[in-house]
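Data first, discussion second: the structure below is written as structure tokens.
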There are 2 protein chains.
Amino acid sequence: MTLAAVGTARHGEVGIAVQPPLHPGHDLDRSHARGADKAPTILDVAAEAGVSKSTVSNVVRGADDVSSATRARVLAAIDLLGYTPNAIARQFVRQRTTILGVLVGDLSNPYYAQMAQVAERAAFRHGYTTMFCNIEGAKDIALAGVEALLEHRVAGIVFLAYISRTDQLEEALRRAGVPIAFLGLSERWGDSVGPEDAQGGRLATEHLIGLGHRRIAYVRTPLVERTGDRGRHSGYRAAMRDAGLDALPPIAWAPGAPTVRYGRTSLKLSDALRGGKAPSALFVSNDIGAIAMIEACENERLTVPDDVSIVGFDDIAIAALHRISLTTVAQRLDYQAERAVSLLLERIHDPGLPPRHTSVSVELRVRQSTAPARG
Amino acid sequence: MTLAAVGTARHGEVGIAVQPPLHPGHDLDRSHARGADKAPTILDVAAEAGVSKSTVSNVVRGADDVSSATRARVLAAIDLLGYTPNAIARQFVRQRTTILGVLVGDLSNPYYAQMAQVAERAAFRHGYTTMFCNIEGAKDIALAGVEALLEHRVAGIVFLAYISRTDQLEEALRRAGVPIAFLGLSERWGDSVGPEDAQGGRLATEHLIGLGHRRIAYVRTPLVERTGDRGRHSGYRAAMRDAGLDALPPIAWAPGAPTVRYGRTSLKLSDALRGGKAPSALFVSNDIGAIAMIEACENERLTVPDDVSIVGFDDIAIAALHRISLTTVAQRLDYQAERAVSLLLERIHDPGLPPRHTSVSVELRVRQSTAPARG
DNA sequence: GATCATACCTGGAATGTTCCAGGGATCGCC
DNA sequence: GGCGATCCCTGGAACATTCCAGGTATGATC
């Protein structure tokens with residue numbers, strides 16, 4: 001507390017000049033009287049500055065009807081006492097918070113981590129803090145997490161998870177009536193931002209077709225929401241149809257944790273990628289899955305891209321590593337996260353808004369995991 | 001609301017039997033009278049159940065002095081009204097929260113993301129929610145982030161960031177007197193958990209020496225806190241000394257963002273890795289740096305591990321990918337995050353505890369980025 | 001000098017919960 | 001039937017802030 005006063009004195013004489021050493025020695029008494037155990041309140045500051053609590057409140061909140069002399073006096077008192085405004089009390093009386101809940105599927109997955117980071121930053125820039133719940137695919141945890149967010153009366157929720165929403169979870173969210181933005185997904189009941197899945201599926205598939213591949217399979221991983229998966233798959237089918245090719249039956253990742261390690265063992269490649277009718281190219285519904293697929297192929301002594309070409313979706317950071325160099329459909333993760341936060345804040349401000357769904361254009365990034373078909 | 005009651009009926013007739021259809025039709029009146037705009041409070045529930053607010057509070061908090069008949073009646077009323085306890089009011093009156101602040105350096109860095117995930121999970125398991133601040137190395141943002149956490153009166157802070165702590169930031173934290181645990185670091189003023197840096201440095205270096213390398217350089221990246229860097233570097237020096245080898249001058253990553261992309265261009269390899277006196281092996285102070293180093297080497301047409309062996313530190317998930325296959329010093333990220341949360345909760349419970357520093361043992365994981373020295 | 005306007009400040013009500021002291025029943029025991 | 005114990009329940013105070021109606025100077029205008 002004394003240090004703070006010194007700090008003030010150092011960086012400007014204004015506050016000090018208006019209000020010299022105020023009550024010399026008195027601060028010691030105060031701190032003894034109150035004890036160091038309790039944080040100073042707006043009333044302590046008011047007493048110290050010789051004004052009412054309302055005036056201190058006005059200063060803290062930046063209201064304009066405070067004379068500059070009074071303001072300086074109050075600021076000096078705040079500095080002296082080391083007062084930190086109590087957001088809990090503020091939230092309590094104003095009956096709303098500036099906290100955004102973030103439901104994130106799995107932070108150890110780079111896709112979500114990148115999204116979460118940008119969302120946090122965007123929220124912070126708008127004066128909101130973020131409360132995270134890592135729901136990791138477990139339905140009961142998700143429900144408990146949502147409950148916690150609702151109890152804390154978050155102003156809105158960013159939904160960033162692949163968990164298949166149960167009726168229970170969805171109903172809990174609807175009932176609470178809290179603004180919610182689905183990030184990385186489209187066509188939900190709240191607001192949403194997502195990539196142009198169908199267009200991406202088409203780009204990926206056309207790229208492979210252009211390289212001369214005829215037998216191209218779609219690989220579906222549990223990472224992708226049904227809606228996203230549907231779009232990507234239908235883009236694939238449309239491109240195949242337009243090229244006069246037959247769509248192959250999709251290869252499915254066994255249900256389970258969406259990690260590279262799991263995918264590597266889960267994908268049954270022996271069946272899918274061996275023999276005369278095996279596909280020479282794969283379009284995988286996301287990058288983590290595509291990387292798992294590369295691992296799985298190389299485990300089975302199939303070289304990528306020589307034996308199999310692979311295209312992913314997302315363009316997460318590690319896809320660009322030389323050693324990985326994954327051809328993929330890039331979606332602007334950062335833009336989407338920003339947009340989701342904007343949608344949320346707009347709805348918080350005006351709950352009457354109609355639901356809005358933003359889809360973000362995608363772009364093919366050709367790297368080394370795809371090569372012309374052989375023969 | 002009705003659904004919830006049905007749910008109750010399904011898994012047990014007790015609640016329903018004790019309190020049949022209570023007040024049929026009445027719920028509609030209430031919801032109209034109150035209007036759907038305001039969330040029901042404990043008083044609404046009390047009126048509905050015909051008890052006092054204190055009793056409802058007892059039920060919600062799980063206090064034991066409530067008869068089972070009354071409890072059932074209150075629960076039914078809660079269900080009917082869709083009451084969600086107001087954590088803000090609870091925090092307000094109890095003068096403490098069950099929120100843990102997490103200051104995280106950079107969520108898009110897998111090292112932090114993994115730590116953050118486990119920390120969140122551990123906190124949640126103990127009944128705490130987490131408030132994230134992504135401080136990304138910018139000092140003013142870090143300060144504003146800490147301020148936000150303090151205003152929300154978080155019960156403790158997990159510090160998970162490489163940002164070099166300014167006097168200002170450190171003083172703000174000390175002054176606030178909030179319990180704080182440093183994660184991934186040791187030897188700080190609060191509680192801390194970190195890996196055995198010196199031992200790790202020694203293991204990495206001895207592995208390279210064992211492979212016949214003589215000219216081994218230490219590469220320092222801006223990712224690592226000074227303390228961690230010091231330990232790893234000194235472990236390296238000790239191993240070199242014990243083997244009768246000269247430690248080379250450390251190679252430094254230019255200050256800047258700690259990403260692979262940046263590191264790739266920032267590391268001046270032409271000078272460091274060319275010529276007769278160039279090192280044949282590198283020990284890099286963390287995995288992201290090591291991966292950047294692999295990229296940088298291969299950019300310069302140096303093959304890893306044939307031309308240069310590289311060892312990292314951390315064993316982040318992507319280090320294990322076949323395509324990366326980084327030899328590295330593994331530290332138990334999950335255990336550390338768990339431990340940091342435990343330390344924090346113990347201190348919240350008993351602030352008088354002396355500062356504790358846990359160091360976690362490390363273990364070398366040999367993969368494909370290291371090979372015997374040539375010639 | 002009365003009236004009005006403006007600038008600045010203040011006191012009180014309200015917010016939803018917890019916690020505590022205490023108050024009725026009911027029961028058992030002498 | 002008096003007393004104590006136990007069980008269950010209740011009303012009120014307290015928490016730190018915001019917001020609003022109102023109050024008091026000061027200055028300007030007629």
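Remember, it's a predicted structure, so these values are computed and weren't measured experimentally. So that the names make sense, note that chain A is the first sequence line, chain B the second, and so on, each numbered from 1.
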Short side-chain N/O contact to [N] OP1/OP2 from [X], under 4.0 Å:
X        : N       : result
Gln95(B) : dA16(D) : yes
Ser57(A) : dT18(D) : yes
Lys38(B) : dT15(C) : no
Thr55(A) : dT10(C) : yes

By the 4.0 Å heavy-atom rule, please label Ser67(A) as base, sugar-phosphate, or nothing.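 Sugar-phosphate contact only - Ser67(A) comes under 4.0 Å of backbone atoms but never of a base.
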Counting the atoms with a prime plus P, OP1 and OP2 as sugar-phosphate, which does Val60(A) contact under 4.0 Å by heavy atoms, base, sugar-phosphate, or nothing?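 If one applies the 4.0 Å heavy-atom cut-off, Val60(A) turns out to touch nothing in the nucleic acid.
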Would you kindly compare Ala89(B) and Thr70(B) by the position of their nearest DNA chain D nucleotide and give the one closer to the 5′ end?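 Comparing both residues, the 5'-ward one is Thr70(B).
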Looking only at the side chain of [X] (C-beta and beyond, no hydrogens), which of the listed nucleotides [options] gets closest?
X        : options                   : value
Val93(A) : dT10(D), dT15(C), dT10(C) : dT15(C)
Thr41(B) : dC9(C), dG16(C), dT17(D)  : dG16(C)
Asp65(B) : dT18(C), dA16(D), dC9(D)  : dC9(D)

Any sub-3.5 Å donor-acceptor pair from Arg153(B)'s side-chain atoms to Thr97(B)'s backbone N or O? no
Distance check needed: [N] [atom2] versus [X] [atom1], whole Å only.
X         : N       : atom1 : atom2 : result
Arg94(A)  : dT17(D) : CZ    : P     : 14 Å
Arg96(B)  : dA14(D) : CZ    : P     : 19 Å
Glu151(A) : dG16(C) : CD    : P     : 16 Å
Arg153(B) : dT17(C) : CZ    : P     : 21 Å
Asn58(A)  : dT18(D) : CG    : P     : 9 Å
Leu43(B)  : dT18(C) : CG    : C1'   : 13 Å
Arg61(B)  : dG16(C) : CZ    : C1'   : 13 Å
Asn86(A)  : dA14(D) : CG    : C1'   : 14 Å

Under the 5.5 Å and 30° test, is Phe92(A) stacked on the base of dT15(C)?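 Check passed, Phe92(A) stacks on base of dT15(C).
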Please tell me if the side chains of Leu344(B) and Asp191(B) come closer than 4.5 Å, counting only heavy atoms from C-beta onward. no
Confirm from the modelled atom types if Lys53(B) and dG12(D) form a donor-acceptor pair under 3.5 Å, side chain to base only. yes
Looking at Ser52(A) and dG11(C), is any side-chain donor or acceptor paired with a base atom of the opposite kind under 3.5 Å? no
Working to the nearest 0.5 angstrom, can you tell me the gap between [X] [atom1] and [Y] [atom2]?
X         : Y         : atom1 : atom2 : result
Gln95(B)  : Ile88(A)  : CD    : CD1   : 8.5 Å
Ile42(A)  : Leu81(A)  : CD1   : CG    : 12.0 Å
Glu338(A) : Leu183(A) : CD    : CG    : 11.0 Å

5′-ward residue of the pair Arg71(A)/Ala87(B) relative to DNA chain C: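 It is Arg71(A) whose nearest nucleotide is closer to the 5' end.
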In terms of the angle between their ring planes, are Phe92(B) and Phe92(A) parallel, tilted or perpendicular, with boundaries placed at 30° and 60°? tilted
